[in-house]
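Just follow the structure's listing: the first ligand is 1, and inside any ligand the first atom is 1. Position 1 is the first residue of the sequence, and the numbers go up from there.
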Amino acid sequence: MTSGSALQRERAREAALARAVEEGLLGPGSPLVGLLDVDGVLAAVDALHEAFEGPATVQHTFAAKACGLVPVLRLLREAGMGCEVASPGELEQALAAGFTPDRLVFDSPAKTVEELEFALEHGIAINLDNFQELERVDRLLAGREPSGPVGLRVNPQVGAGAIGAMSTATATSKFGVALRDPGAVDAVIDAFTRHPWLNRLHAHVGSQGCPLPLIARGVSVAYELAERINDRLGHARITGLDIGGGLPVNFDSENDRPTYADYVAELREAAPGLFDGRYVLVTEFGRSLLAKSGTIGSLVEYTKSAGGRRIAVTHAGAQVATRTVFMPDAWPLRVGVFDAAGRPKEGPLQVVDIAGPCCFAGDLTATARELPAVAPGDVVALYDTGAYYFSSHFSYNSLPRPAVYGYRTDAAGQVRLATIREAQSVREVVEESGLSHAEALVALCADGTERGARVEVAG
Ligand SMILES: *Cc1c(COP(=O)(O)O)cnc(C)c1O
């Protein structure tokens, strides 16, 4: 069954695609575009807040890597979210969006001294990944108190989900302190004993492909450990539990499944004490907040057939749908076909592959799909691409980053669009390709005599 909000989202998406075509934002002059349903995003934020409502104080942060576009972060800030960042770029994006340090969480497995100093100085919450980092922070503090919460990331080692690369709680994951390794729990307890400024535990069990009971089990391991540490220290040292993100998204229908409420029900069962108010809870959802609200629209440039295989050549390929192209079974996308006016196409279905513009044979965003006949000038839409697809661009073939627009529809079905990001220009592509150093290598060769000598030898 499709819920009311899913239906609304579907209608708004159709209206927005038609409007983008009408305004020429998607068409021969700009054959690739990202569209984001602003009401859909806000509805997801509401659903998240509602699901976690309870005695416990909860700070919901958005994982910036899922979409680091500043206007999107700004919208989320206005909607009451915090922001989880994991690189200097994400940190600056979040600050530019107006997040104050107290609403930021800094996670990264490779934080530099400089990054740690900045976070400690500004009161940004940090989650330390390992004991070396812990000792580094201890040296940086040199007896001072950090001005924000400091947590330790643990790996509950509860196992993998369906996608290995998305599973962060396997026995050998690169993240956090692996709790089931010999002596690890004692070492964590010892760290909390020696460092009074350590006051949080962090566990992010995985992303897409991890079933809810697996994620809940991982969170409950962190919860039990916090209880044990507080018990051992004789006071409530650990005041916050950061339970990460990772709610999977349903890529095969319009429905939001599972919901945040499903996840909270699972958490309550796995760790009933988690919500009783003794711990501040921090969440770091990314994909589940945005995925269903995003669409990639592309012009169909050509249609052809090869060896009996029908192919539609579009402008959306590995540069915007990197994971889908390289791991098509793990990251399938729903596809819609629209005519040159942006209206949904109908008619008898044909089996077709949807290809991108990149110069390698595997650049396909969908294979063997039954779709209404696709023709040049049509628009192909890739659904559920609001998270990761807009911000994790791959610059294969020096293809530029597409423009992204946000949209809302009023009660009369009228669409309003706002620019989130302009398309990257070809000039910008050339500039970031070392344009200002164009002469560098020729000059290097002209400077010395070595090259001449080598050429002589070779000759
Ligand atoms: C990627 C990541 C998230 C967000 O995961 P989603 O699956 O997008 O919800 C949260 N926390 C950490 C530490 C991450 O690496």
**Asked** Is the ring centre of Phe326 less than 6.0 Å from the ring centre of Phe360?
**Response** yes
- Query: Is there any N or O on His202 that sits under 3.5 Å from an N or O of ligand 1?
  - Reply: no
Distance-only N or O hit between ligand 1 and Asp107, under 3.5 Å: no
Exercise. State, without any angle test, whether Asn250 and Asn255 hold a side-chain donor-acceptor pair at a distance under 3.5 Å.
Key: no
Quiz item: Are Glu133 and Lys111 close enough for a salt bridge, meaning some N to O gap below 4.0 Å?
Solution: yes
Check: His60 ring centre within less than 6.0 Å of Phe52 ring centre | yes
Within 4.0 Å of some non-hydrogen atom of Arg287, the atoms of ligand 1 are 6 (P), 7 (O), 8 (O), 9 (O)
Would Met166 count as a contact residue for ligand 1, given that I'm defining contact as a non-hydrogen atom of the residue lying under 4.0 Å from a ligand atom?
no
So the atoms of ligand 1 within less than 4.0 Å of a heavy atom of Arg153 turn out to be 13 (C)
Looking only at protein heavy atoms, what sits closest to atom 14 (C) of ligand 1 is Lys65 NZ, 2.9 Å
d(Ile354 CD1, Ser298 OG) to nearest 0.5 Å is 9.5 Å
Ligand 1 atoms nearer than 4.0 angstrom to some heavy atom of Ala63 are 3 (C), 4 (C)
query: Between Tyr396 and Thr322, does any side-chain donor sit less than 3.5 Å from a side-chain acceptor?
result: no
side-chain hydrogen bond (donor to acceptor under 3.5 Å, both in side chains) with Asp39: of Arg9, Arg408, Gln8, only one passes, and it is Arg408
Can you find an N/O atom of Tyr388 closer than 3.5 Å to an N/O atom of ligand 1? yes
> Cationic tip of Arg237 within the cone over Phe192's six-membered ring, i.e. under 6.0 Å and within 45° of the normal?
Replying inline: no
Check: Hey, does Gly245 come in under 3.5 Å of ligand 1, counting only N/O atoms on both sides?
Finding: no
Check this for me - ligand 1, Gly246, N or O atoms closer than 3.5 angstrom, yes or no? yes
Centroid separation Phe118 to Phe106 less than 6.0 Å:
no
Worksheet item: Do any nitrogen or oxygen atoms of Ser207 lie less than 3.5 angstrom from nitrogen or oxygen atoms of ligand 1?
Response: yes
In this structure, atom 11 (N) of ligand 1 is nearest to the protein heavy atom Glu284 OE1, 2.7 Å
Requested in this report: Assess Phe175 for proximity to ligand 1: is some non-hydrogen atom of it under 4.0 Å away?
Outcome: no
Within 4.0 Å of some non-hydrogen atom of Phe285, the atoms of ligand 1 are 9 (O)
